Student: 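Following this message is one structure expressed as structure tokens.
Order of appearance sets the numbers: ligands from 1, and atoms from 1 within every ligand. Because only heavy atoms are used, hydrogens play no part in the values below, and waters and symmetry mates are left out as well, while side chains stay in. All values derive from a computational prediction rather than experimental measurement.
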Amino acid sequence: MSKITLAIHGGAGTILKSMLTPELEQKYNEGLQNALNAGYSVLENRGTSMDAVIAAIRSLEDNELFNAGRGSVFTKKGINEMDAAVMDGSNLNAGAVAGVRNIKNPIVLAKEIMEHSGHVILSGNGAKEFALSRGIEQAPDEYFYTKYRYDQWIEIRDSDYYQLDHMEDNLKGMPHEEKKFGTVGAVALDINGHMAAGTSTGGMTNKRYGRIGDSPIPGSGTYANDATCAISCTGHGEYFLRAVVAYDVSCLMEYKGLSLKEACHVVVKEKLVKLGGEGGLIAIDTKGNYEHCFNSEGMYRGIRTSDGENNVAIYKD
Ligand code: ASP
């Protein structure tokens, strides 16, 4: 019987205490705790790491505070296009969806693609058509409308800027100065010692039509392999894609014998920093070790384990 562990994130970036009111901070903490509880109850009931990841991410996708599912940001065209992926560490199966619209829980569609499409990634209308054929829940445009996200977009829609999530008001439209990232993710280790990872995002405000980030790309934003680790990333996707971040952590463990902590440190605090890639990741291994590793000011995050840990946090320690 394995130790059980669930780690989650709700995005990383320039998240400073001065930027959140106590009420908003409490809402974020509650959202994170609810997601931890949803995923952990699956693990406690001897469920699989994959089902725990789905339960935790669904909860975050349904919460409009986070940039995924319901709270997704707006693209340059003023619509919501979402990316999501899951990966099963026990067999290296993966499923992902890119640039999809009107799907209530893109993470559920990613799992469906893994299990029933015969492919790994489906995008846009093809993904939507597959979702319809499988009875995946749809939602109208209004469901994805949140005033906060809409206003974020209105501020920069006439510029060429694209913006990472939760930017400070006075810095809107200055993507290289102050950055915050949305996106949600979960990694889990179940009672049978298997791991899974999942990530879901609305991407970046004012992103170009058809832009795909790192989140739905196995090996970049999402990766799981029982031989090494399970990882979900959040940050400036263009850099995470080029650095193949999640797989790089796994490779450092597999080929160089680094510990989870060492591998995360090298990739997030050294390699990504050198490249200029801001953000972070959550990671676990089969021993139940976990890392919340980020090179930004903060990361919405949570951890719950069978050793009794049950914490959520936002800012740098
Ligand atoms: N990595 C995501 C993307 O580039 C954004 C994020 O993590 O907030 O689409």
Student: Under the ring pair (Phe, Tyr, Trp, His ring centres under 6.0 Å) rule, collect the residues that match up with H194, sequence neighbours excluded.
Tutor: none
Student: Number the atoms of ligand 1 from 1 as they appear, then name those within less than 4.0 Å of a heavy atom of G203, with their elements.
Tutor: 9 (O)
Student: Ignoring hydrogens and angles, state whether a donor on the side chain of Y290 or E309 is under 3.5 Å from an acceptor on the partner side chain.
Tutor: yes
Student: Indicate whether the side chain of N93 and that of E115 have a donor and an acceptor atom separated by less than 3.5 Å.
Tutor: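 No - no donor-acceptor pair under 3.5 Å links their side chains.
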Student: Can you run down the salt bridge (Lys or Arg N to Asp or Glu O under 4.0 Å) pairs that involve residues 57-68, sequence neighbours left out, and say none if there aren't any?
Tutor: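 Found D62-K104.
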Student: Run the numbers for me: atoms of ligand 1, each under 4.0 Å from some heavy atom of G235, listed by number.
Tutor: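 Answer, ordered by atom number: 1 (N), 2 (C), 3 (C), 4 (O), 5 (C), 6 (C), 7 (O).
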Student: Which atoms of ligand 1 have any heavy atom of T234 under 4.0 Å away?
Tutor: 6 (C), 7 (O), 8 (O)
Student: Say whether T305 and D307, considering side chains only, have a donor N or O and an acceptor N or O under 3.5 Å apart.
Tutor: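 Not at all, the side chains of T305 and D307 share no donor-acceptor pair under 3.5 Å.
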Student: Is it the side chain (CB and beyond), the backbone, both or neither of R211 that lies under 4.0 Å from ligand 1, heavy atoms counted?
Tutor: side chain
Student: Do any heavy atoms of N67 fall under 4.0 Å from ligand 1?
Tutor: no
Student: Looking just at side-chain N and O atoms, do E129 and N125 make a donor-acceptor pair shorter than 3.5 Å?
Tutor: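 There is no such pair (donor and acceptor under 3.5 Å, judged by atom type) between the side chains of E129 and N125.
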Student: Touching ligand 1 at all, G11? Heavy atoms, strictly under 4.0 Å?
Tutor: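 Judged by the 4.0 Å heavy-atom criterion, G11 does not count as contacting ligand 1.
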Student: Please work out which of I212, D214, V245, T183 has its closest non-hydrogen atom nearest to atom 1 (N) of ligand 1.
Tutor: D214
